[in-house]
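Working notes, beginning with the structure itself.
Order of the sequence lines fixes the chain letters, A, B, ..., with proteins taken first and strands second; residue numbering starts at 1 for each chain.
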Protein chains: 2
Amino acid sequence: MSELQRRPTLMDVAEAAGVSRALVSIVMRGAPGAAEATRQRVLQAASDLGYRADSRARLLRSSRTKLLGLAFSSSQPFHAEIVDAAYAEASAKGYEITLSAVAGGRPEARAIETLLDVGAEALIIIAPTLSVDDLALHARQVPVVSLLRDDVGDLVDSVSSDDHAGIALAVDHLVSLGHRRIVHVDGGTAVSSDKRREAYRTEMIRHRLQPVVVSGGPGEEDGMGAGQILQADLPTAVIAFNDRSALGIMESFRAAGISIPADVSVLGYDDSNFAKLSYVQLSSVSQDAPLLAAAAVGRAVDRIDGAKSPGSVVRTPHLVIRKTTARAPEGNSDT
Amino acid sequence: MSELQRRPTLMDVAEAAGVSRALVSIVMRGAPGAAEATRQRVLQAASDLGYRADSRARLLRSSRTKLLGLAFSSSQPFHAEIVDAAYAEASAKGYEITLSAVAGGRPEARAIETLLDVGAEALIIIAPTLSVDDLALHARQVPVVSLLRDDVGDLVDSVSSDDHAGIALAVDHLVSLGHRRIVHVDGGTAVSSDKRREAYRTEMIRHRLQPVVVSGGPGEEDGMGAGQILQADLPTAVIAFNDRSALGIMESFRAAGISIPADVSVLGYDDSNFAKLSYVQLSSVSQDAPLLAAAAVGRAVDRIDGAKSPGSVVRTPHLVIRKTTARAPEGNSDT
DNA sequence: TGGTTCAACTAGAACGATCTAGAAGATACT
DNA sequence: AGTATCTTCTAGATCGTTCTAGTTGAACCA
C-alpha cells in the first residue's frame, strides 16, 4: 500500500525532461542560462516526479548551507520568544534556522554538535554556559554569536541587553513616582543576577537612597519567599529580578491583603508574555526579544559574509508601564 | 588572527597517518578490519588534526541520517515539555532530533520543508493543523507521526491521549468527592475541545447528573470571562479545558472572594509545569508528555526500521490531585 | 611444496548535487 | 564569406564520505 519510493534525483528529472543533469540543476536553482521553454519543461517534469533537491548533496558540493544553528533552552519562555523572532529575521536574510534544544539531560555541548553536524554555517547560542575556551574552540570553525551573555572572550560575537541601563530605567521610574524605599529582590545564582544587583546598588546611591537587597531567585517560588520577608517591613516599591519572581512576590502580597499598586509598587524584568495578561498587567523592563534576535542573526550573517572581527552589540532595554506601579503612598518617608 | 581554517578531511588524516582513506574511514566508524597498532596511529592523527566527519558527505553516501524531524509550536509550553522528553528517548534509540518551530509567521508547511531538507528520516508533528491530504502527501516520502491529533487518515501514524478517559477521570474524581453540580468550561475552537466537551456530557449523564457547559477558550483570559459568568450561580466544581483556563477561572473567583477549594473545586487539564507551583497547586489531568513523546519516537523509529503499516497509539491520561479539589460543601443539593 | 584461509589493507566507484570548460547553433558585424 | 559574440546546452570533474571488490602477505595444513 504505502510503500516509500526512492526519492527522485536530478538524473531522473533530466531523463524525464530530455535534458542534461546540469541543465536541470540550473533551472532548479533559478540560475540564468536556460531558455524559457526548456525551463518550463524541466519545472513541469520536476513537479510531476515530486522532485526535491537533496540538501546533503547540494551542500556537500557548494559548501554553503544557508543554515544558522540556534541553541536554546526549551524550558525558558523568553528563549521561545527569541526563537520566533529569529526565524522571521533569518528568512528575511535568505537563511534557514535549525534549532537544537538544551534540555534536562542534554548538555549545551551536545546541542552544538548536532547543529554543526547538520551543517550550520554559524552558531547562535542563547545564554551560553560553556567556558570562554570552549566557545573559542568552536569559534575557530564557525562564527559563534552569544546571546544574552557578553563575557565571552574576543573570538566570539555577543549580543546582549544592557542590564545596567534596564535597572536604571526601573529605579528612575520609581523615583519619579515619589518612591524612596525601593527594594531589590535579586536572582540568586541566575545569569546576570550579579549585574542587575550591582546596577541597582549604584543607581540607588546615585539617587542618594539606601539600597536594600533581598535574596531571591528566578522562579515564582523564590518571589513568594522574598515576599514573606518583605512584609515584615514593607517598602513602597519592589524591583524583581524577573517577571516570574515578580509574580511570586505579588501573590504573597495579595494573600496578605496588601494591595498593588496602592500599598506597594512591583516592577518586573523581561516583559514576558504573561506580564501582558489582563489579570497580571505587570509593569516590566523589556529586553525586546525581536530586536535581540534580529541583532544576533544580523551579526551571524555578517560574519558568514566575511566580516572579519567579532564584535559585541549591546541593546538598551525599555520600560513597559502597566498597572503594578503607581505613585508612592503619602506620608511614607524613609530614614 | 582568528581565520577559519579549512576543515580537515579523511584524506588529510590518511596522509598524516600514512594509510589509505578507506582505512581511516574504517577506524573512524569503529568498524572491524584494522590492526590495533594502526588504529591507534590513525586515531592519534585524527585528533591531532581536529578531524570531525562531515555528516553531509557521510549521509549522502550511506543514505542514513539517523535524524528525526520534530515540528512543534514555540508558543506552547506543553510542546516544550514534549520536545525535552523526545530528545531523551531519541538518543536512547540512537537517533538525533532536529527541531523546527511553527511560529507566528512561519506555517507548518514551511517547518516541514526545513526538516526534510536537512534529511530527517521521519517526521513527528505535534498537533498538526495540515489537512489529511497534505499529511498523506508527505507520508508517501517519509513516515509521519502525528502527536496529539488522531484523525489523520490511515497513511500516517498517530499518538494521542484519550480525551474521553481523561474527562471521565475528572468527573469520577469530583463525583466521588460528593460533587453533583459540576460545570465544564470548554476550549472554544481549540483542538480537542469538541472531544472533551462531548466526553463531559456523556460522563455526566452516565452519573445521572445535569451537564452544564460554559464556553471558554485555551487562555487565561478565556477562563477569566467564564469565571465571571459562573459567579452568578456558583456550582460546586468546575472542570476547565486546560490549566491556563483554570488559572483564569481561579483568578476571577479569588477576586470575588470565593475560596478554593472550600466554596468550589477547580480541575485543570494538561498538568503543565505551572500547575505544580506552590501557590497554584492545581489538581489536573495529566497527559504525561514524556510518555507521549516516547511513544511517538518509538513509532517513528519502528516505521523507519521497516514496520509496514501505520497505526495509532492512544495513551490513557491520569489524575494528579493537588489542592484545588476537595469534598463538596455540605447542603448544596442540585436540581 | 603448493594450496587454502585469514587478517590487514587499498583502489576506485558510488551517493546527488554544483561547477568549470567548452561545444553547438544562432545572430551580428565587418 | 568569415569571424566574433551570445545564448543554450552538455560532459566530466568534484565535494568527503562509504562500500565493493580486490590485493598482499603471513600463517597453517597436508
Side-chain angles (χ1 to χ4, degrees), chain A residues 4-43 45-46 49-67 96 116-121 141-142, chain B residues 4-43 45-46 49-67 113 116-121 141-142:
Chain A
L4 307 180
Q5 64 238 26
R6 194 181 56 84
R7 182 175 185 162
T9 76
L10 264 195
M11 191 60 199
D12 299 323
V13 178
E15 272 171 12
V19 295
S20 70
R21 272 173 8 235
L23 191 59
V24 177
S25 171
I26 287 172
V27 171
M28 296 315 289
R29 278 176 294 146
E36 191 48 34
T38 337
R39 190 174 288 272
Q40 289 307 328
R41 193 153 40 91
V42 169
L43 286 175
L49 292 172
Y51 171 78
R52 108 187 310 273
D54 181 326
S55 66
R56 308 194 280 295
R58 156 178 300 177
L59 302 171
L60 170 57
R61 181 60 239 234
S62 62
S63 70
R64 286 302 310 265
T65 65
K66 287 281 183 177
L67 222 52
E96 277 290 343
L116 291 175
D117 274 348
V118 300
E121 290 187 63
Q141 310 249 6
V142 294
Chain B
L4 307 181
Q5 63 237 28
R6 194 181 57 84
R7 184 175 184 161
T9 75
L10 265 195
M11 192 59 197
D12 299 323
V13 178
E15 272 170 12
V19 295
S20 70
R21 270 174 7 237
L23 192 59
V24 178
S25 170
I26 287 171
V27 171
M28 296 314 290
R29 278 176 295 145
E36 191 48 33
T38 336
R39 189 175 289 272
Q40 289 308 328
R41 195 154 38 91
V42 169
L43 287 174
L49 293 172
Y51 172 77
R52 117 185 297 275
D54 182 326
S55 68
R56 309 194 278 294
R58 156 175 299 175
L59 302 171
L60 171 57
R61 180 59 237 229
S62 61
S63 69
R64 287 302 309 267
T65 64
K66 288 280 183 177
L67 223 52
E113 299 281 296
L116 291 175
D117 274 348
V118 300
E121 292 187 62
Q141 310 248 8
V142 294

Output the rounded distance in Å from [atom1] ([X]) to [atom2] ([N]).
| X | N | atom1 | atom2 | result |
| --- | --- | --- | --- | --- |
| A:E15 | C:dG16 | CD | P | 13 Å |
| B:D54 | D:dT18 | CG | C1' | 13 Å |
| A:M11 | C:dA14 | CE | C1' | 14 Å |
| B:R29 | D:dG16 | CZ | P | 18 Å |
| B:L59 | D:dC15 | CG | P | 19 Å |
| B:I26 | C:dA11 | CD1 | C1' | 13 Å |
| B:R58 | D:dC19 | CZ | C1' | 14 Å |
| A:R39 | D:dT8 | CZ | C1' | 11 Å |

Among the nucleotides [options], which one has an atom lying closest to any side-chain atom of [X]?
| X | options | answer |
| --- | --- | --- |
| A:L10 | D:dT8, D:dC19, C:dT18 | C:dT18 |
| B:L23 | D:dG16, C:dT10, C:dT18 | C:dT10 |
| B:R61 | D:dT8, D:dA13, C:dC15 | C:dC15 |
| B:L60 | D:dG16, C:dT18, D:dT10 | D:dG16 |

Determine whether a donor-acceptor pair (N or O, by modelled atom type, separation under 3.5 Å) exists between the side chain of B:R7 and the backbone of B:A53.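 Confirmed, B:R7 side chain pairs with B:A53 backbone.
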So, does A:R29 use its side chain to make a donor-acceptor pair with the main chain of A:S25 at under 3.5 Å?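 Such a contact is found between A:R29 side chain and A:S25 backbone.
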Assign each of A:R52 and B:R41 to its nearest nucleotide of DNA chain C by heavy atoms, then name whichever residue's nucleotide is nearer the 5' end. B:R41
When you check the phosphate oxygens OP1 and OP2 of [N], does a side-chain N or O of [X] lie under 4.0 Å from one of them?
| X | N | result |
| --- | --- | --- |
| B:T38 | C:dA8 | no |
| A:S25 | C:dC19 | no |
| A:T9 | C:dG16 | no |

Please report the shortest heavy-atom distance between A:A57 and B:L60, naming the atom on each side.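 Smallest interatomic distance, heavy atoms only, reads CB-CD1, 3.8 Å.
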How far does CD of A:E15 sit from OG of A:S20, to the nearest 0.5 angstrom?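 Taking CD in A:E15 and OG in A:S20, the distance rounds to 12.0 Å.
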In this structure, CE of A:M28 is separated from CZ of A:R58 (nearest 0.5 Å) by 8.0 Å
Would you classify B:A35 as touching base, sugar-phosphate or nothing, given that sugar-phosphate means primed atoms plus P, OP1 and OP2, and contacts are heavy atoms under 4.0 Å?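 Sugar-phosphate contact only.
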Hey, is the side chain of A:R21 pairing donor to acceptor with the base of C:dT18 inside 3.5 Å? yes
